[in-house]
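These numbers were taken from a predicted model, which means no experiment stands behind them. In what follows, chains carry the letters A, B, and so on, assigned in the order in which the sequence lines appear, proteins first and then strands, with residues in each chain numbered from 1.
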Protein chains: 2
Amino acid sequence: MTVSRVVSGEGYVSEITREKVLKVVKDLNYRRNGLARSLKRQFTETVGLVLGDISNPYSTELARSVRKTLVDEGFNLFICISENGSKEDIVAFESLSSHSVDGIIVATRSNEAGDRYLRNLVETNVPVVAIGRDFRHKNVDLVSPDNLKGGFEATRHLIDLGHRRIAFIGANLSSGSHLKRLQGYVNALESHSIPVDERLISGRSDELPDVAGYSTEDIGFEAMKRLLSLPNPPTAVFARNDFTAIGAMRAISDAGLRIPDDIAIVGFDDIPMAARISPSLTTVRQPMRVEGQIATEMLLERIKSGKRISRRERVLDCELIVRESSGSKRTN
Amino acid sequence: MTVSRVVSGEGYVSEITREKVLKVVKDLNYRRNGLARSLKRQFTETVGLVLGDISNPYSTELARSVRKTLVDEGFNLFICISENGSKEDIVAFESLSSHSVDGIIVATRSNEAGDRYLRNLVETNVPVVAIGRDFRHKNVDLVSPDNLKGGFEATRHLIDLGHRRIAFIGANLSSGSHLKRLQGYVNALESHSIPVDERLISGRSDELPDVAGYSTEDIGFEAMKRLLSLPNPPTAVFARNDFTAIGAMRAISDAGLRIPDDIAIVGFDDIPMAARISPSLTTVRQPMRVEGQIATEMLLERIKSGKRISRRERVLDCELIVRESSGSKRTN
DNA sequence: TGTTAAGATGTTAACGTTAACATACACTTC
DNA sequence: GAAGTGTATGTTAACGTTAACATCTTAACA
């Protein structure tokens, strides 16, 4: 017990004893067993972050911001990668919860089995906050960029430039109905009385696995190729994220077409590469660092209060960053 | 005990009992406490990965590869960010070791205090493997790209193109003496009888904090600006990594100079952006996925054997990827 | 029939901490 | 000098598992 007091620096210990203990601690290379400590204390001062796509700079900036906010409060961060697979999601949730993290921040793509497991966790009072994804539960907070408005503005930007045949890349109308960016695209078209043409909405082909990482670039590439083979291809494209946009740009260049002269393109996220590629990519910037900070603060509040707090939702404004890839006004 | 047997699926349990238990497990939303389990079993089947700079695509590819190798063996992965600070390093090591991970893979920048703590861990039989960094210990494996050869070849490439005044960006000769990429640069110059000019070796200025993330781009920017203000600026630059190179490219453009015509540039890592920027960046590609896999295999071997294994070192070949930024042969 | 083996379940103790309580002493205060 | 306060240390039990061992039943076999 005296050792415990010395090591944790709490309670009364005489200077002489403290020094004796510290000497032995050093001699034996003693390190306190955190498992036993956590088991007894019933908390770990550790938070888990589950990332669906760690290759996306969006995720890493998020992670850095989460970590920064956590350490200021004396919490540790463990990051798990799920690669946006439902099985992997569950493994990540499982390993975090079995290590008794005090709370979990989830930034994966929504999927049925994963969501079910997550719901289960929440039911047993594990504090959870979701970032940038769908998850409705009365005790789970959500922090998200305004994907609807972002998608709307990206599309409106293209409409304002004179485009009428505008494609969406990265999801299908059927499977992506929940995708707010797609919905924003549809809304923008409709509010300008442009009919939505389902052939211009191009998700991944069945050949490509729905994987995470830079491979989403391939989805954009494949989807764009299909669009280009249409009898009447689009003059502009809005991609669900920057990697998809960059893949699409590759397909456009490969086809011998010019950006933005032949086809204009807008992405989403504003990853660092967007500003550096040629032509530079017009995109919608989402405030990743703010998202991470707010989500962490919400989670810490849940953890510290120990009570069930009812759902809060924070939707953060995005910013349209106009660069070269969308071009200037058309005069068809 | 019977519940334990049902949940872990080991030992004899009758079908009837198993079903009864499973029903109650479900009704009570019971989840096994991993802390207690690990405390008793004395292992966690979890591995920690400490990343110095999670914003670098190099790190994330590494992490994905490590995770993939681990899950095949039934292990979990917890990632910690250290932001390449010695205090943060220690916090990461501490939180991983106190959670009793079975082993740690370290991919941070070397620093004295962090290394001391790490050495301490190793002395208490925590299996450790280092990736792409300096760390000599008789029980720690090292997996690394061949930075020496990579630096040599990058520099030789510039020499072969006719350059004589070649700068190095990203470290100082004094503080970076351990930096193999810098050493490779020096060796290449010397083997071509080009004197090493210390003014052409440009690290970060004291104004810039030595931080991780995309801010390393700023280090390249600042360092290049200083080089450009020299009475006799270099005609070529080898940067310690791609972000630094990209920052340098920005400084060159800002000064109204052309790449590669006025100044040629070579980076290191081959991050995805390198191929996409304009002009595309000549760089040295390191086999990140292979590094992650080998390191993980080495670590698992240590974990499974439970014995002290003496140090092994794997140095992996890099590949020079020639793109636009280094230009073609000079005819001065 | 007795012997052996396999199947099923239960009991005990231990993993390494710390909260809570107990004890002891020195020193102040009225 | 009795009571109270602060300091220092010790004891006990509990956190939730599971390895190891013990017990009991049933089936199989010579």
For atom NZ of Lys20(A) and atom C1' of dT9(D), their distance in whole Å
12 Å

Nearest-0.5 Å distance that lies between atom OH in Tyr12(B) and atom OG1 in Thr2(B)
14.5 Å

Tell me: CD1 of Ile16(A) to C1' of dA8(D), nearest whole Å?
11 Å

Is any side-chain nitrogen or oxygen of Arg37(A) closer than 4.0 Å to OP1 or OP2 of dT18(C)?
yes

Can a side chain N or O of Thr2(B) be found less than 4.0 Å away from OP1 or OP2 on dG10(C)?
yes

Could you tell me whether the side chains of Thr44(A) and His99(A) share a donor-acceptor contact shorter than 3.5 Å?
no

Nucleotide nearest Arg32(B) (side chain, heavy atoms from C-beta), chosen from dT17(D), dT18(C), dT9(C):
dT17(D)

Euclidean distance, atom CG of residue Leu39(B) to atom P of dT17(C) [Å, nearest integer]
9 Å

Would you classify Phe43(B) as touching base, sugar-phosphate or nothing, given that sugar-phosphate means primed atoms plus P, OP1 and OP2, and contacts are heavy atoms under 4.0 Å?
nothing

Whole Å only: how far is the CG atom of Leu28(A) from the P atom of dG16(C)?
14 Å

How do Glu10(B) and Ser14(A) order along DNA chain D: which one's closest nucleotide is nearer the 5' end?
Ser14(A)

With sequence neighbours excluded, what pairs up with Val91(B) under the side-chain contact (heavy atoms from CB on, under 4.5 Å) test?
Asn76(A)

Across the strands shown, which category fits Thr17(B) at heavy-atom distances under 4.0 angstrom: base, sugar-phosphate, nothing?
sugar-phosphate

Do the non-hydrogen side-chain atoms of Arg314(B) and Glu291(B) ever get within less than 4.5 Å of each other?
no

Counting primed atoms plus P, OP1 and OP2 as sugar-phosphate and everything else as base, spell out the protein contacts along nucleotides 20-29 of chain C at 4.0 Å heavy-atom distance: B, S or - for each nucleotide, 5' to 3'.
----------

Tell me whether the guanidinium CZ or amine NZ of Arg311(A) lies under 6.0 angstrom from the six-membered ring centre of Phe135(A) and within 45° of its axis.
no

5'-most contact on DNA chain C (nearest-nucleotide basis), Lys40(B) vs Gly11(B), goes to Gly11(B)

Could you check how far OH of Tyr30(A) sits from P of dG16(C), rounded to whole Å?
10 Å

Close side-chain approach of Thr296(A) and Ile105(A), heavy atoms under 4.5 Å:
yes

How is Arg18(B) classified with respect to the nucleic acid when contacts are heavy atoms under 4.0 Å: base, sugar-phosphate, or nothing?
nothing

Ignoring backbone atoms, establish whether Ser8(A) has a side-chain N or O less than 4.0 Å from OP1 or OP2 of dT18(C).
no

Is there a side-chain contact between Gln42(A) and the phosphate of dT18(C), meaning an N or O under 4.0 Å from OP1 or OP2?
no

Whole-Å distance, Asn33(A) CG to dT17(D) C1', equals 14 Å

Tell me the closest heavy-atom pair linking Ser8(A) and Arg32(A), and the distance in Å.
CB-NH1, 3.5 Å

Taking 4.0 Å as the cut-off, does a side-chain nitrogen or oxygen of Tyr12(A) come that near to OP1 or OP2 on dT7(D)?
yes

Measuring to OP1 and OP2 of dT18(D), would you say a side-chain N or O of Arg41(B) lies under 4.0 angstrom away?
no

Run the side-chain contact (heavy atoms from CB on, under 4.5 Å) test against Asn111(A) and tell me which residues pass, sequence neighbours left out.
Ser86(A), Asp89(A), Ala113(A)

